[in-house]
Amino acid sequence: MECNFSTLRDKGLLKGTIKEAKRKRADRAAAQYITNKRAEYRVIELGPDDTREVDLLAYADRPRVQRWASAKAAGKQSYCRLGGPQSREWLGQSSWGIDEIDAGRYSRRCRYRKVDYHPFVRSYGYATETRLVATIWDKRYRYRAPRGWVYGMDTLGIYIRRKNETRATFRYHLTSDDVRGGLAAMRAAGIQHERQRREATRSLRAQKRAIKAREAFRKMLPAVGVWVSFEDSQKVGNCASGTISWGRSHGLDHRKRYPYKVIERLSKTHYSIDKILAAAEDRTIDDLERGYCLIN
């Protein structure tokens with residue numbers, strides 16, 4: 001329910017000014033928001049540098065292990081499975097460890113079980129729009145958002161984006177390397193992500209335009225006419241001698257081109273005829289796009 005400060009003042013229930021009361025209410029709301037968000041910690045995925053470092057530590061700790069799996073990030077409560085899927089040991093203040101995952105037996109007759117070893121690092125944090133608090137390895141990081149940028153959290157982790165950018169595809173989800181690199185590294189990674197997204201969007205639009213143009217040329221094929229050649233057969237993977245032998249058995253010369261319908265009548269004589277016809281159509285469309293074909 002909306003609080004009416006003027007009514008409270010008239011009744012003598014308001015201490016101080018209305019402006020001060022509104023500011024205190026906003027501060028309490030912000031404090032409550034931060035408190036709620038702190039419980040919603042997000043795992044921050046490991047970057048290449050941290051992955052490489054924990055891998056080296058794990059290899060040195062257990063040099064005889066062969067089934068190493070990918071390194072992963074661990075949340076605030078770091079647990080390690082030891083001896084089976086039901087056995088979990090809390091590592092307390094340890095910043096890294098090795099998680100043993102039971103992958104089942106090698107076979108029905110073999111009693112030995114496969115175990116995958118995942119090195120992990122404690123990498124987690126929480127964020128509001130203006131602040132980020134994260135723990136990577138055993139160090140705490142606190143950052144205020146760069147000017148023009150905001151932080152956020154979703155199911156994929158903690159992200160950074162421009163303040164006026166609302167599209168979810170432009171969210172850059174931070175890695176542990178970005179957080180340890182500081183504000184400059186996070187901002188640079190966000191800008192690079194924006195550039196990649198724009199390039200991907202332009203490429204996708206160009207592909208759609210090319211597909212539409214190609215479909216328009218495909219509609220012109222009946223008027224232009226499609227001719228099938230020996231090269232079309234080789235393009236789909238048929239060998240030269242086999243193509244020549246097949247053509248000779250049906251009275252065809254491999255040095256000549258034949259109309260589409262002539263080869264289509266022989267589609268049941270070999271499993272690759274449909275592929276050859278499709279290759280001939282694609283080649284004709286390519287010629288049309290380059291302006292090499294003339295309509296009869």
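- The ring pair (Phe, Tyr, Trp, His ring centres under 6.0 Å) search around F230 returns H254, not counting sequence neighbours.
- Summarising the local packing, CZ of R187 is surrounded by 12 or fewer heavy atoms from other residues, nucleotides or ligands at distances under 6.0 Å.
- One distance of note links CG of D138 with OG of S95; it measures 4.5 Å at 0.5 Å rounding.
- With contacts defined as side-chain heavy-atom distances shorter than 4.5 Å, the pair K256/Y258 qualifies.
- At least one donor-acceptor pair closer than 3.5 Å links the side chain of H118 to the backbone N or O of S70.
- Contact of the R218 side chain with the E215 side chain is registered, since non-hydrogen atoms from C-beta on lie closer than 4.5 Å.
- Taking 4.5 Å as the limit, some side-chain heavy atom of Y260 sits within range of a side-chain heavy atom of L277.
- Between R283 and D286 no salt bridge is recorded (no basic side-chain N to carboxylate O distance below 4.0 Å).
- Hydrophobic clustering places V133 together with V179 (ILVMFWY residues linked when any side-chain heavy atoms are closer than 4.5 Å, directly or through intermediates).
- For the atom pair NE2 (H250) and OG1 (T269), the distance works out to 4.0 Å, reported to the nearest 0.5 Å.
- Using a 4.5 Å heavy-atom threshold, the side chains of V150 and I160 count as separate.
- Side-chain contact annotation: T243 with N238, donor-acceptor N/O pair under 3.5 Å absent.
- A salt bridge links R62 with E100; the closest basic N to acidic carboxylate O contact falls under 4.0 Å.
- Applying the side chain to side chain contact (heavy atoms under 4.5 Å, CB included) rule to P259 yields the partners W227, V262; only residues at least two apart in sequence or on another chain are considered.
- With rounding to the nearest 0.5 Å, the separation of OH in Y41 from CE in M153 is 10.0 Å.
- Formation of a donor-acceptor pair under 3.5 Å by the S245 side chain with backbone atoms of S241 is not found in this model.
- Residues passing the side chain to side chain donor-acceptor pair (under 3.5 Å) test with T51, sequence neighbours excluded: none.
- Judged purely by distance below 3.5 Å, without hydrogens or angles, the side chains of Y172 and D178 pair a donor atom with an acceptor atom.
- Residues passing the ring pair (Phe, Tyr, Trp, His ring centres under 6.0 Å) test with Y59 are W68, sequence neighbours excluded.
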Would you list the atom pairs, donor with acceptor, under 3.5 Å between side chains in residues 189-196 and any protein atom, with sequence neighbours excluded?
from : atom 1 : to   : atom 2 : distance (Å)
Q192 : OE1    : R195 : NH1    : 2.7
H193 : NE2    : T169 : O      : 3.0
H193 : NE2    : R171 : O      : 3.2
E194 : OE1    : R162 : NE     : 3.0
E194 : OE1    : R162 : NH2    : 3.3
E194 : OE2    : R162 : NE     : 2.9

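- Qualifying side chain to side chain donor-acceptor pair (under 3.5 Å) partners for E165, counting only residues two or more places apart in sequence or in other chains: R167.
- Contacts of R67 classified as side chain to side chain donor-acceptor pair (under 3.5 Å), with partners at least two apart in sequence or in another chain: D116.
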| When you look at K235 and D232, which way does the salt bridge (charged side-chain N to carboxylate O under 4.0 Å, His left out) test go after all the steps? | CA-CA 5 Å; K235 188 175 181 179; D232 295 326; over 6 Å; no

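- Under the 4.5 Å side-chain criterion, counting only non-hydrogen atoms from C-beta, Y126 is not in contact with R42.
- A heavy-atom distance below 4.5 Å is found between the side chains of I44 and I158.
- Y117 and L56 are assigned to two separate hydrophobic clusters, defined by single-linkage of ILVMFWY side chains at heavy-atom distances under 4.5 Å.
- Between D55 and R52 there is no side-chain heavy-atom pair separated by less than 4.5 Å.
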| request: Take V121 and K72, measure what side-chain contact (heavy atoms from CB on, under 4.5 Å) needs, and give me the verdict at the end. | output: CA-CA 7 Å; V121 174; K72 60 183 182 179; over 6 Å; no

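- In this structure, CG on L183 lies 9.0 Å from CG on L132, to the nearest 0.5 angstrom.
- Side chains of T284 and D287: no donor on one and acceptor on the other come within 3.5 Å.
- Summarising the geometry, atom OG belonging to S203 is positioned 11.0 Å from atom NZ belonging to K208; distances are rounded to the nearest 0.5 Å.
- Here the side chains of Y124 and R122 are in contact, with some heavy-atom distance below 4.5 Å.
- Counting heavy atoms of neighbouring residues, nucleotides and ligands inside a 6.0 Å radius, atom CZ of R214 exceeds 12 of them.
- Clustering of Ile, Leu, Val, Met, Phe, Trp and Tyr by side-chain heavy atoms under 4.5 Å joins V43 with none of the others.
- Enclosure of atom NZ in K114 by more than 12 non-hydrogen atoms of other residues, nucleotides or ligands within 6.0 angstrom is indicated.
- Looking at residues two or more places apart in sequence or on another chain, you find a side chain to side chain contact (heavy atoms under 4.5 Å, CB included) between S176 and L46, D50, S123, I136.
- Under the 4.5 Å side-chain heavy-atom criterion for ILVMFWY residues, a single connected hydrophobic cluster contains both I276 and L266.
- F217 is connected to V226 through a chain of hydrophobic side-chain contacts under 4.5 Å among Ile, Leu, Val, Met, Phe, Trp and Tyr, so both are in one cluster.
- W137 and L174 fall within a single hydrophobic cluster, where Ile, Leu, Val, Met, Phe, Trp and Tyr are joined by side-chain heavy atoms under 4.5 Å apart, directly or via other members.
- In terms of modelled atom types and a separation under 3.5 Å, the side chain of S272 and the main chain of K275 share no donor-acceptor contact.
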| Taking it one step at a time, do D154 and H173 satisfy side chain to side chain donor-acceptor pair (under 3.5 Å)? | CA-CA 9 Å; D154 57 17; H173 291 85; 3.0 Å; yes

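- Checked against side chain to side chain donor-acceptor pair (under 3.5 Å), E264 has no partners two or more places apart in sequence or in another chain.
- Think of I211 as one node in a network of Ile, Leu, Val, Met, Phe, Trp and Tyr side chains linked at under 4.5 Å; it has no links at all.
- A side-chain hydrogen bond (donor to acceptor under 3.5 Å, both in side chains) check over residues 139-151, counting only residues at least two apart or in different chains, returns the pairs T135-R140.
- Between R64 atom CZ and Q66 atom CD the span is 9.5 Å, to the nearest 0.5 Å.
- Minimum heavy-atom separation, F120 to I98: CE2-N, 3.6 Å.
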| message | Test side-chain contact (heavy atoms from CB on, under 4.5 Å) on L57 and W96; report intermediate values, then the result. | response | CA-CA 9 Å; L57 289 173; W96 74 279; 3.9 Å; yes

